[in-house]
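Below is one structure, written out as structure tokens, with a few remarks after it.
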Protein chains: 2
Amino acid sequence: MTSEHTDAHAPTLEAVAALAGVSRATVSRVVNGSPKVTAEVTETVNKAIADLNYVPNRAARSLASRKTQVVALVVPESTAKVFADPFFASIVQGVALHLADTEYTLNMVISSELNPDKTRRYLMGGNVDGALVVSHHSGDHSYAQLGSSLPIVFGGRPLSDAEHNSFFVDVDNVSGSRGATEHLIARGRRNIALITGPQDMPAGVDRLVGWRQALEAHGLDTSLIEYGDFSPLSGMKAMRRLLERGVPIDGLFATNDQMAAGAYSAILESGRSIPGDIAVVGYDDDYFGLTATPPLTTVHQPSVGLGETMAQVLVKRIAGEPVERVTLLPTELVVRQST
Amino acid sequence: MTSEHTDAHAPTLEAVAALAGVSRATVSRVVNGSPKVTAEVTETVNKAIADLNYVPNRAARSLASRKTQVVALVVPESTAKVFADPFFASIVQGVALHLADTEYTLNMVISSELNPDKTRRYLMGGNVDGALVVSHHSGDHSYAQLGSSLPIVFGGRPLSDAEHNSFFVDVDNVSGSRGATEHLIARGRRNIALITGPQDMPAGVDRLVGWRQALEAHGLDTSLIEYGDFSPLSGMKAMRRLLERGVPIDGLFATNDQMAAGAYSAILESGRSIPGDIAVVGYDDDYFGLTATPPLTTVHQPSVGLGETMAQVLVKRIAGEPVERVTLLPTELVVRQST
DNA sequence: CTGAAAGCGCTAACAG
DNA sequence: CTGTTAGCGCTTTCAG
């Protein structure tokens with residue numbers, strides 16, 4: 001069942017040079033857009049290129065120029081397993097879309113946790129000009145060390161600020177959460193609870209900070225906190241604990257929609273109404289928000305934009321252009337019927 | 001804000017040869033696992049490689065061997081826009097996972113519909129050893145022509161069987177649908193309606209065929225058909241039309257979960273119950289199935305497996321090994337409370 | 001502004 | 001089994 005592949009020798013730079021009646025060096029200059037070539041000659045060469053349907057050979061080009069024109073997108077295997085996470089998928093999409101407009105090619109590599117050296121070697125083996133590292137919401141900068149020998153841009157801020165040297169772009173979790181909470185306040189709520197995620201994840205920490213900032217700015221109580229693990233079940237349990245405290249609660253900010261989903265159940269089973277008794281805001285704007293009853297007010301993150309920005313920052317770094325070490329993208333509050 | 005990158009000349013094959021006291025050719029042989037090298041020499045060389053932390057340069061290797069060790073994953077831009085589609089995301093995941101175990105590297109390219117030639121040129125420019133083409137459930141084989149000069153494997157069967165030469169792997173829609181319908185029959189249903197998708201999409205056609213096969217095998221009526229466009233709204237409308245026919249209906253097979261969702265509404269609004277009056281089965285096993293009331297019985301597709309298989313088939317083709325031109329993956333019926 | 005010459009790092013016959 | 005010898009196709013000084 002194997003098929004033949006006509007190995008019709010692709011035209012080389014040399015062939016173009018011959019047809020155009022110039023030297024290979026000149027063709028190379030034209031191909032690379034060198035400014036010092038007569039318009040006339042440039043035209044002749046371009047015509048020859050078109051006629052021959054010439055496409056430069058990347059390998060040869062890289063070898064000679066010592067540049068690969070490739071950037072890697074590193075995805076830890078654990079993240080890949082949950083690849084269907086729309087947030088992550090959108091990041092990849094953004095990266096790919098931005099890169100499509102550049103000279104760079106996207107190399108997706110799944111780094112196995114079992115054999116992280118394989119990836120390290122690949123990255124350091126001169127196979128790529130730079131790398132993008134995304135790790136499922138978690139800010140894992142374990143590749144940060146490579147940052148000193150290869151331009152790397154991370155998706156998500158590092159957990160510790162000690163990483164005072166890695167470049168990253170992240171969603172502005174603090175401001176997004178502050179906005180969500182302020183929305184609750186604007187709706188007249190005064191006893192606003194928080195169900196947040198693990199404090200060993202940047203998203204968990206930052207979203208708590210935003211909530212607290214908003215509350216403090218209005219002189220409101222910040223003691224209504226419970227922790228979950230971003231799963232629906234944990235959200236339900238956290239909400240129950242909150243309700244059991246027996247203190248008044250008229251607003252809830254759950255730091256992701258999944259936990260908000262769980263909280264919905266707990267609120268409803270306690271006989272309370274949404275948003276009548278308790279107004280709730282989520283975070284992530286995933287599918288749950290739309291299908292929930294009532295539809296959930298939530299914080300939308302610019303996931304595609306995150307990917308695009310990462311790619312953009314990396315390309316600039318590779319080009320040696322100055323770029324901010326940290327880029328924070330704004331979120332958008334999507335107001336629906338739960339508030 | 002730019003940072004320095006120590007351009008510590010990566011060790012070359014030559015350096016390894018020197019350290020090991022052999023020729024470059026021998027080192028090359030060891031690196032490429034040639035069988036004709038003394039165990040002793042192999043060891044010495046490997047030690048030198050380890051000591052120097054040598055990593056072969058891909059560009060040089062490709063240039064000399066005329067192989068790129070790269071396979072492209074082509075994603076039409078329209079598909080990329082809906083990248084968050086979990087089915088598609090899983091395919092990418094599968095591809096990446098399988099490739100991670102091979103010598104191949106994954107190049108993701110988004111092909112713009114506006115400029116399809118850019119992609120064609122890239123593929124034909126000797127930049128990749130093979131390509132994987134996925135187009136959102138649609139069986140678009142517009143790159144089929146390239147198949148004669150580059151190994152290509154498609155995800156999803158082509159719409160027309162005229163494409164009697166392209167290699168593809170697909171989910172076995174016919175058998176999946178037949179199974180879904182037989183399940184309804186086994187549950188004692190005899191008046192089984194169908195809401196299917198556009199007949200210009202392989203999935204739309206094949207799922208109808210499976211339903212019909214099951215019904216005919218049991219001598220049941222196959223006239224209860226209505227068409228939708230895979231959207232929830234179209235499913236709702238189709239169901240209403242079905243109900244308006246005024247004939248008995250005790251089972252429904254909707255060819256995707258989204259349309260099943262719409263059908264749910266129509267059934268419920270008509271005062272009927274699920275599965276009491278009408279048992280329903282969907283297809284896709286997307287998130288709707290789980291959150292629906294009652295949870296939806298549906299057909300699960302091996303999306304990750306699809307990606308893995310595509311990669312596997314492509315790698316074999318590149319290696320010149322014989323492979324089936326078409327590979328159909330089995331589906332699995334997930335039985336929940338709607339039947 | 002353009003050509004000539006010298007490799008980039010590695011593989012691949014071909015000898016030995 | 002191992003070394004020698006040529007390049008793979010392109011970029012890049014360095015002259016002219």
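In what follows, chains are A, B, ... by sequence order, proteins preceding strands, each numbered from 1.
Rounded to 10°, the angle separating the first-five-pair axis and the last-five-pair axis of the helix from C/dC1-D/dG16 to C/dG16-D/dC1 equals 30°.
Within the structure, salt bridge (Lys or Arg N to Asp or Glu O under 4.0 Å) pairs that include any residue of residues 31-51 of chain A comprise A/Lys47-A/Asp51 (at least two apart or interchain).
Rounded to a whole Å, the CZ atom of A/Arg24 is 11 Å from the P atom of D/dG9.
The closest donor-acceptor contact from the side chain of A/Asn107 to the backbone of A/Val70 lies at 3.5 Å or more, if one exists at all. Looking only at distances, no side-chain donor or acceptor of B/Ser28 sits under 3.5 Å from a matching main-chain atom of B/Arg24. The backbone N or O of A/Phe168 sits nowhere less than 3.5 Å from a side-chain atom of A/Arg325 that would complete a donor-acceptor pair. No donor-acceptor pair under 3.5 Å is formed between the side chain of A/Thr26 and the backbone N or O of A/Val22. For A/Asp129 (side chain) and A/Thr68 (main-chain N/O), a donor-acceptor pair under 3.5 Å exists by modelled atom type. Side-chain N or O atoms of B/Asp170 include one that pairs as donor or acceptor with a backbone N or O of B/Arg157 at under 3.5 Å.
In the region residues 44-64 of chain B, proximity to DNA chain D at under 4.0 angstrom, judged on heavy atoms, holds for B/Leu63, B/Ala64. Applying a 4.0 Å cut-off to non-hydrogen atoms, the residues of residues 29-39 of chain A that approach DNA chain C are A/Arg29, A/Lys36, A/Val37, A/Thr38, listed by residue number. Of the residues in residues 12-23 of chain B, those lying under 4.0 Å from DNA chain D by heavy-atom distance are B/Val22, B/Ser23.
Considering only side-chain N and O atoms, B/Arg66 lies under 4.0 angstrom from the phosphate OP1 or OP2 of D/dG9. Residue A/Ser28 has a polar side-chain atom (N or O) positioned under 4.0 Å from OP1 or OP2 of D/dT11.
Within the 4.0 angstrom heavy-atom criterion, only backbone atoms of the sugar-phosphate kind lie near A/Val41; the bases stay farther away.
Within the cation-pi definition used here (under 6.0 Å to the ring centroid, within 45° of the axis), B/Arg317 qualifies as a partner of B/Phe167.
A distance of 7.5 Å separates OG1 of B/Thr105 from CG of B/Leu99, quoted to the nearest 0.5 Å. In this structure, the separation between CD1 on A/Ile152 and CG on A/Leu314 is 9.0 Å, given to the nearest 0.5 Å. Atom CE of B/Met310 sits about 9.0 Å away from atom CZ of B/Phe154, to the nearest 0.5 Å. Distance OG/B/Ser62 to CD/B/Gln69: 7.5 Å, rounded to 0.5 Å.
The side-chain contact (heavy atoms from CB on, under 4.5 Å) search around B/Arg61 returns B/Val31, B/Asn32, B/Pro56, not counting sequence neighbours.
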